[in-house]
Amino acid sequence: MKAVVYVTLKKGISDPQGNAVKEALDSLGYREVNKVRIGKIIELELEDMDKEEAEIKIKEMCEKLLANTVMEKYSFEILEG
Amino acid sequence: MKAVVYVTLKKGISDPQGNAVKEALDSLGYREVNKVRIGKIIELELEDMDKEEAEIKIKEMCEKLLANTVMEKYSFEILEG
Amino acid sequence: MKFGVVVFPGSNCDIDCYKVLSNVLKKDVDYVWHDTENIEKYDVIILPGGFSYGDYLRCGAIARFSKIMDSVVKHANKGKLVIGICNGFQILTEVGLLPGALIRNNNLKFICKTVPIRVENNTTPFTLNCEKGQVINIPIAHGEGNYFIDEEGLAQLEKNNQIVFRYCSEEGLIDEKSNPNGSVKNIAGICNKAGNVLGMMPHPERASELLLGNEDGLILFKSIIDYLERGHFE
Amino acid sequence: MNNKPWESVGLTREEYDKILEILGREPNNLELNMYGVMWSEHCSYKNSRALFKHFPTSNERVLQGPGENAGIIDIGDNKAIAMKIESHNHPSAVEPYQGAATGVGGIIRDIFAMGARPIALLNSLRFGEIEDDAHMRYLFSGVVSGIGGYGNCIGIPTVGGEVYFNKCYKGNPLVNAMCIGVIEHDKIHRGTAAGVGNLVMYVGASTGRDGIGGASFASVELTEETAVKKSAVQVGDPFMEKLLLEACLELLDTDYVVGIQDLGAAGLTSACSEMASRGNSGMVIDVSLVPRREEGMLPVEVMISESQERMLLVIKKGAEEKVKKIFDKWGLHSAVIGKVTDDGMLTIMENGKIVGRVPAKSLADEAPKYYREYEKPEYIDKKRALSIDKLKEVNDLNEVLFKMISSTNLCSREWVYNQYDYQVRTNTVITPGSDAAVIRIDETNKAIAATTDCNSRYCYLNPRRGARIAVAEAARNIVVTGGKPLAITDGLNFGNPEKPDRFWQFRESILGISEACRKFNIPVVSGNVSFYNETPENAIYPTPIIGMIGLIDDLDKVMTMEFKEEGDIIVLLGS
Ligand SMILES: Nc1ncnc2c1ncn2[C@@H]1O[C@H](COP(=O)(O)OP(=O)(O)O)[C@@H](O)[C@H]1O
């Protein structure tokens with residue numbers, strides 16, 4: 001089974017990378033972009049297991065390793081199949 | 001309106017960062033993870049516009065700047081509202 | 001003979017290139033600000049190392065849209081010389097003057113150390129004073145110097161003799177062990193088909209004074225100078 | 001307001017009474033918070049200042065001693081060196097990469113705020129044992145990449161430092177960063193606000209809610225609870241800092257600037273009050289003019305935010321357009337946010353309405369000063385009772401040798417410094433891996449040697465002697481490169497000063513440094529104190545890190561450590 005984890009900076013934490021991309025889009029003429037935030041997407045390929053079990057495990061992995069909850073928040077989706 | 005762009009490495013391109021995370025999960029005891037791939041998620045806040053127009057613009061931004069199609073592929077979603 | 005060293009916001013090695021050309025080699029060299037459009041007076045354009053625009057998103061991705069880059073592309077298309085070192089190499093691939101891409105080092109770490117590289121092609125204006133197969137020691141300092149190109153592209157590079165430098169052992173062997181960053185086929189530097197645009201990850205400007213430990217890098221700058229003075233190959 | 005308002009900002013009842021006395025009234029919430037951050041240990045040095053008088057801080061070469069953003073020492077040829085060390089221990093314990101990175105960013109700003117161009121970085125790191133501790137390895141590798149990430153990107157070579165592992169640092173890693181800059185005598189700038197009507201200008205990154213409470217975060221013990229005080233962790237932007245650095249140096253070459261200071265701990269509160277205090281002036285600023293990145297920020301949030309990569313300038317009236325043009329060229333925001341007054345008050349307005357008003361000096365200079373009690377810790381005599389004769393004689397010296405050179409504390413540091421760009425700007429004559437780094441000074445035939453040193457086990461067993469040894473070791477490292485020791489900046493890392501045994505360690509260390517410095521005639525020109533490096537389980541060993549620089553008058557005289565030629569004579573010097 002597969003899962004996708006999204007890790008993004010918490011609100012209020014500055015995102016220099018996002019700001020730089022926003023400026024770059026601006027100077028390319030995309031004035032309609034007001035804000036850019038950049039995060040990570042982590043695709044996991046897992047042994048098949050119970051969905052609930054998977055949820056618990058992935059949450060653990062996020063808390064322990066995939067995100068630093070001091071400044072990042074995470075969410076995930078489990079794609080069966 | 002908002003849009004989310006996902007940029008990931010093309011198949012076949014090695015992903016040392018993903019491998020390192022896989023190793024780390026392994027050593028934390030998460031043996032059920034077979035593979036990890038890491039990509040970027042780029043959240044855009046946009047002026048409201050026609051959905052089709054937005055699609056064209058965002059595709060352009062991806063091709064020009066947000067992804068390097070030599071090694072990356074991209075997809076995006078437009079979230080109205 | 002006039003050299004132009006481009007300064008992007010975030011360029012760091014601009015001053016290092018400038019110092020070699022002006023202090024060590026006594027040549028005429030200017031800093032050229034990234035929004036300059038007219039660069040006709042320069043024979044050689046150097047895109048220096050550093051972290052242009054913070055290297056955010058991807059190295060060189062934002063710099064390639066600087067005003068000056070259109071002129072650099074034109075300059076290159078006229079057959080004039082362009083050399084991109086480190087971040088400059090990354091910018092050249094992003095703007096499409098050179099094929100391939102530079103991705104994260106395979107050990108995921110920034111690497112700063114002096115490594116041997118082998119001259120694979122000594123028929124470019126940048127290497128004409130070198131012997132083919134000559135090993136020179138040049139510092140690298142990058143986090144994303146892992147050269148990637150697909151198989152088809154690689155075949156083209158090989159066919160057209162575009163691989164200029166490869167990482168090697170002290171004896172000149174090309175092997176896995178002497179590949180610091182995971183680059184395809186140990187590639188450290190390539191040129192375009194015409195041979196007038198060079199991109200390389202190692203920093204020759206850091207190996208141009210004995211006081212700093214090594215002057216192996218001077219051979220590149222001297223090759224360029226000889227080439228320009230003669231106006232052609234011997 | 002609750003009935004113990006001082007508690008919410010980490011002050012004591014007595015300190016609060018002192019504020020009442022100064023103001024002759026109750027402070028409002030904004031004012032109280034400003035006192036809270038400025039009178040925190042981190043900003044006021046209230047527990048340590050009293051001891052600084054022991055340091056020798058001047059000699060014929062000192063152009064600027066302690067008390068400014070950085071110390072400055074003359075090297076002749078109209079050139080001088082600015083230097084300072086700073087800790088970022090607690091942030092690095094919660095977010096190693098960003099904690100270390102922003103530590104480097106902060107110390108670089110201290111250097112260019114003086115008008116100096118930063119030319120080299122060093123660092124001194126301490127962690128718990130890493131062999132069987134994945135978390136410790138994560139902290140260690142995160143800190144190293146963070147230091148590299150910032151220094152490499154901004155293009156300042158990281159030329160030296162030290163790393164040691166000991167279980168006493170398990171809950172409290174130490175991350176001290178040092179920066180060295182070069183400056184011409186007539187270009188020295190100070191953080192001062194003078195000239196009534198001159199303008200206060202804000203430049204660099206916009207202000208957010210991140211980093212609120214950083215100064216107080218650094219002034220408490222690290223517990224589970226404080227570790228989640230996440231607002232003190234920020235993301236560094238070395239690219240922004242590079243622009244800020246280049247723009248500020250370009251600006252400081254003009255004569256538009258009266259004073260300049262970085263916005264570090266306690267943010268605008270500290271910069272405004274310190275600049276006004278040093279200039280014996282006052283200042284009025286309007287928080288609504290401060291560029292922000294979040295909506296709905298309260299005046300108090302703007303005033304104490306520690307958002308990174310920002311500077312405060314006082315410029316001559318009428319120069320604002322020209323100053324703005326320089327920042328525009330570098331793509332940076334700048335904004336006039338207030339002006340200098342002569343009333344000695346720091347006046348805060350919001351949209352033209354006064355929201356806070358206190359004497360500037362009371363924030364910057366009149367924090368209470370404590371003479372803490374001290375008492376020799378019990379462990380000292382016990383540990384010293386060890387008798388050498390009782391140690392077992394080793395049989396296999398080879399085995400011991402291999403064991404030693406493969407231990408984490410003695411093995412090669414290449415893994416660390418190969419992640420630092422130590423060559424950028426092509427002036428590094430001696431690269432890491434030697435006793436001290438040597439950096440050539442452009443436009444001269446001179447070079448600077450630099451090192452950081454401290455053996456905290458010695459300091460644990462005998463803080464006074466350990467501190468002397470640290471100074472002597474640093475001096476030896478300088479001398480063997482051909483350098484003459486010039487000055488030190490000290491990074492004092494200790495436990496909770498309110499505990500008499502910890503304070504004893506602190507006091508002894510200061511006395512030890514002072515004694516050695518006097519002996520060698522090496523002045524202390526700047527430094528930093530980091531207390532509360534302890535967890536409920538234990539405190540760190542006393543760790544007074546000595547950052548020292550030396551002068552090599554003639555580039556031809558630089559000496560390297562390796563044996564040169566077969567047949568050369570080997571001499572052992574000293575006892
Ligand atoms: N241990 C010390 N020895 C000498 N001077 C010190 C010491 N600790 C702090 N100082 C000086 O006190 C002043 C304030 O230091 P600090 O608050 O760390 O600076 P900043 O304002 O950059 O945070 C500086 O001038 C510093 O050099």
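Order of the sequence lines sets the chain letters (A, B, ...), proteins ahead of strands, with each chain counted from 1. We use all heavy atoms of the structure for the numbers below, so side chains are in, but hydrogens, waters and symmetry mates are not.
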Does B:Glu53 CD have over 12 foreign heavy atoms under 6.0 Å away?
-> yes
For chain C, which of B:Leu9, B:Asn68, B:Asn19, B:Leu66 has the most heavy-atom pairs under 4.5 Å?
-> B:Asn68
Name the region of B:Ile42, side chain, backbone, both or neither, that has any atom closer than 4.5 Å to a heavy atom of chain C.
-> side chain
Are side-chain heavy atoms of B:Asp15 and C:Arg104 found at a separation under 4.5 Å?
-> no
Region of C:Leu108 in contact with chain B, defined by heavy-atom distances below 4.5 Å = side chain
Check the surroundings of atom NZ in B:Lys10: do more than 12 heavy atoms from other residues, nucleotides or ligands lie under 6.0 Å from it?
-> yes
Which answer fits B:Lys64, side chain, backbone, both or neither, if we ask what part of it has an atom under 4.5 Å from a heavy atom of chain C?
-> both
Side chain, backbone, both or neither: which part of C:Asn105 has a non-hydrogen atom closer than 4.5 Å to chain B?
-> backbone
Atom CD1 in C:Ile103, atom CD in B:Glu72: separation rounded to 0.5 Å?
-> 9.5 Å
Has the side chain of C:Arg58 got a donor or acceptor atom that lies under 3.5 Å from a matching backbone atom of B:Leu65?
-> yes
Does atom NZ of C:Lys185 have more than 12 heavy-atom neighbours from other groups under 6.0 Å away?
-> no
Kindly indicate whether the side chain of B:Ile13, heavy atoms from C-beta on, has any atom under 4.5 Å from the side chain of C:Asp150.
-> no
